[in-house]
Protein chains: 4
Amino acid sequence: MKGRGRHNAVVAAARRKQILDAASECFRRKGFRGASMMDISESAGLSTGHIYHYFENKEAIVEAVVDRGRPDLTDAAGAISSHSDLIEALLRSIDGKGGRDAPAVPALVLEVFAEASRNSLVARLFEAYERSLEKRLEGVLKSAQASGVIDQSADVDRLGRFLKVVLYGLIVHTAMVPGLGPAELRHVLDFFSDNTFWSSR
Amino acid sequence: MKGRGRHNAVVAAARRKQILDAASECFRRKGFRGASMMDISESAGLSTGHIYHYFENKEAIVEAVVDRGRPDLTDAAGAISSHSDLIEALLRSIDGKGGRDAPAVPALVLEVFAEASRNSLVARLFEAYERSLEKRLEGVLKSAQASGVIDQSADVDRLGRFLKVVLYGLIVHTAMVPGLGPAELRHVLDFFSDNTFWSSR
Amino acid sequence: MKGRGRHNAVVAAARRKQILDAASECFRRKGFRGASMMDISESAGLSTGHIYHYFENKEAIVEAVVDRGRPDLTDAAGAISSHSDLIEALLRSIDGKGGRDAPAVPALVLEVFAEASRNSLVARLFEAYERSLEKRLEGVLKSAQASGVIDQSADVDRLGRFLKVVLYGLIVHTAMVPGLGPAELRHVLDFFSDNTFWSSR
Amino acid sequence: MKGRGRHNAVVAAARRKQILDAASECFRRKGFRGASMMDISESAGLSTGHIYHYFENKEAIVEAVVDRGRPDLTDAAGAISSHSDLIEALLRSIDGKGGRDAPAVPALVLEVFAEASRNSLVARLFEAYERSLEKRLEGVLKSAQASGVIDQSADVDRLGRFLKVVLYGLIVHTAMVPGLGPAELRHVLDFFSDNTFWSSR
DNA sequence: TATGAATGAGCTTTCATTCAT
DNA sequence: CATGAATGAAAGCTCATTCAT
């Protein structure tokens, strides 16, 4: 029974992921309100009713999707020993590579931005998102400062706050301009590095 | 008949504004999809059916709301003779003071960002928004360069592109963080001016 | 005042005709339910509200349109001295030339047929239509019998009843088959005359 | 799963029939436009929304109702060995006994006639109806000719075209005159047989 | 566990009718 | 007489959610 229980738990986790993957894709394409439960169930390959075994309602799915989009902190502390490392680390914060369970697709993040301004639960989740992002930036910047990429005298807190805003802007920009790849994003960030406080160039 | 016609035109324009004001508020609070025609009509103080005398359908209202949020270019060319002037001009681009018929409320702009990625008409209007913003920034930066606030050797184009991203980020930030006022925004932008290419500080 | 009164009556009659003409056309194209009061008012070239000065409501317009479509009896008693005369007289009963104030356009008559089976007032008007048609046929047939075109021994009553059914069928056929002109209709009726009771051929 | 699938198919077919029966009755009483989806759903005994599991929209219901009213051809080739047989076969073409899945209720056929002149899809279905009727008449007449009921020299094509018109007229007549039973219809058709080309009387 | 039939509230939109001007 | 702004009651349709199987 215990073995079966554990097996069930594994299957249940897989089902939840299956549903959240489908939901994320639907939300990205149609928005939280535009995507119907049937869209999601068809996309996930199971029946509409079955979804309600894993999530209480649509709202719960939205929350779960928003929640797992939060940036992961574990791998962020990689060594930052050059400009390139820094830029790459920043880019990873928005291109989804730095996500936890799922890529933080920009178009979906925009949806979260919009939803957060009217859904208090999503707003709270967004705050967690923001905290994660700040922590991550702090880690990256301190690592960069430790290796001398950033000048010792730089105000890392202010720099972090500014960078957060820049990353938000990049998320918007990436979602809106279809063909925007990492190369173009790097150009924007390069400008940033050209005109500042870096110790070694 | 002519007098009546003119009177009607005036009243009609007032009604349209009345509807768009109500719709903007509803959209801001509930989103484009979440706000119902009844929400809008009640908020505007007229019957649901009556709205259809002024707008063909809900989509047309969305378009009109999005369209009138586009930044105005006319007053952007004020003289930029100091850092403060520049920062103020930039802030005006996002706090709605620089709008045309209506303030570009950040939360509403977020809605536009999200909607643009799936509604082609809104996407086109967003492009116009982006062009307006670019033009406006170009004007501001050239004015700043002319008066020596920005160094002659600065690459105004790249600077403009970067600033656009920063402004997008500020819009997101402003919409998400409730108590964020001009003072805090100025702090973020101050950082920008501290670390760059300015000729006179 | 009296002169003005009479003038007003003339204008009023003209307005009513103007409205009924427009309504007939709209009803023909969209059906009684499908045509809106706005369709009719636009087509008539006056305001929606103004129509209510001349007709109590839409129902009254329907009735008036149905009523004036009733075949006219006055000119039916023309001499029937040959087969051709007879066939032409019958054709006139359905092609609208025999109408009173307005042509009995087949597609509109179909609308009346359908409406009559559920609208008791239209049903009563249809009965009047049927009586008129019967009277007309009786007149035509008696005239034909008087001139020897139809045999004296023919049962004019039964023949009339049969012809009425044939005419209903022709109305349906004419409305449904787009290119159906008088020539084709004559062919159908010719068959009728080929195989019957005519005294002189 | 398979058993359930088959069961579902059976239930689904029953539901479709249930809906179409209810819709036919509603359409007959109120017309295609006059009958609302709520009328139909209440009459069918299920919820409004549920109907949309079986039909894409109201238009699809109209089509299905019109389509299944088309005369069936399979049983039309019964032997026609007497006048009575012929008359009965013709009557069966309009009284619904000769229909496929559902009786072709005259009042409903009138609705189709009227609708066909403005709804292109119904128009196409009506053409199929007309073809079916023609085929059926052709079969009946050839059978009658084979058994000598109709003279060998008769032009069966022209006769068929004429009969089609007569049948249309009878449909109109039947729908309009409430108490019209088979007996009266037979009288009208009897007249037809009295005055023509029959070989054996 | 899994299905999808079933519900009913709510959506956008249309339209006959009224009425202030 | 004449207008068309204004109303509100449906209309067709969608969809989150429930539940019998």
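Chain A is the first sequence line, chain B the second, and so forth, proteins listed ahead of strands; every chain is numbered from 1.
Between the side chains of Ser24(A) and Arg68(A), at least one donor-acceptor pair of N or O atoms lies under 3.5 Å. Remark: the Glu63(A) side chain and the Asn119(A) side chain contain no N/O donor-acceptor pair separated by less than 3.5 Å.
One atom, CD1 of Ile19(C), and another, P of dA2(F), lie 10 Å apart when rounded to the nearest Å. The NZ-C1' distance, from Lys30(B) to dG10(E), rounds to 12 Å in whole Å. What separates OH of Tyr54(C) from P of dT17(E) is a distance of 18 Å, to the nearest Å. When the P atom of dG12(F) is taken as reference, atom CD of Glu56(D) falls 16 Å away, rounded to whole Å. Computed from coordinates, the His53(A) NE2 to dA20(F) C1' distance equals 12 Å when rounded to whole Å. Computed from coordinates, the Glu59(A) CD to dC15(F) P distance equals 18 Å when rounded to whole Å. When the C1' atom of dA16(F) is taken as reference, atom CZ of Phe32(A) falls 17 Å away, rounded to whole Å. Atom CZ in Phe55(B) sits roughly 15 Å away from atom P in dT14(E) (whole-Å rounding).
Distance CG/Leu110(C) to CZ/Arg118(D): 9.5 Å, rounded to 0.5 Å. A distance of 12.5 Å separates OH in Tyr54(C) from CG in Leu20(C), rounded to the nearest 0.5 Å. With rounding to the nearest 0.5 angstrom, the CD1 atom of Ile61(A) is 5.0 Å from the CD1 atom of Ile51(A). Between atom CE of residue Met38(C) and atom OG of residue Ser43(C) there is a gap of 11.5 Å, rounded to the nearest 0.5 Å. If you take CZ on Phe55(D) and CE on Met37(D), they are separated by 9.0 Å, rounding to the nearest 0.5 Å. Rounded to the nearest 0.5 Å, atoms CZ (Arg28(C)) and OG (Ser117(D)) are 8.5 Å apart.
Taking the centre of each ring, Phe126(D) and Phe113(D) come in below the 6.0 Å mark.
Residues from residues 33-40 of chain A that place a heavy atom under 4.0 Å from any atom of DNA chain F, listed by number: Ala35(A), Ser36(A), Met37(A). For residues 41-52 of chain D, proximity to DNA chain E is found at Leu46(D), Ser47(D), Gly49(D), His50(D), defined as any non-hydrogen atom under 4.0 angstrom from a strand atom.
The aromatic rings of His50(C) and His53(C) sit perpendicular, their planes meeting at an angle over 60°, well past the 30° parallel limit.
Of the residues near DNA chain F, Arg15(B) and Asn57(A), the one whose nearest nucleotide (by heavy atom distance) lies more toward the 5' end is Arg15(B).
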Subject >> Bracket notation of DNA chain E in which parentheses pair within the strand, [ ] cross earlier pairs, and | pairs with another strand (Watson-Crick or G-U, under 3.5 Å) >> reply: .||||||||||||||||||||
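Lys58(D) places a side-chain N or O within 3.5 Å of a backbone atom of Phe32(D) that can act as its donor or acceptor partner.
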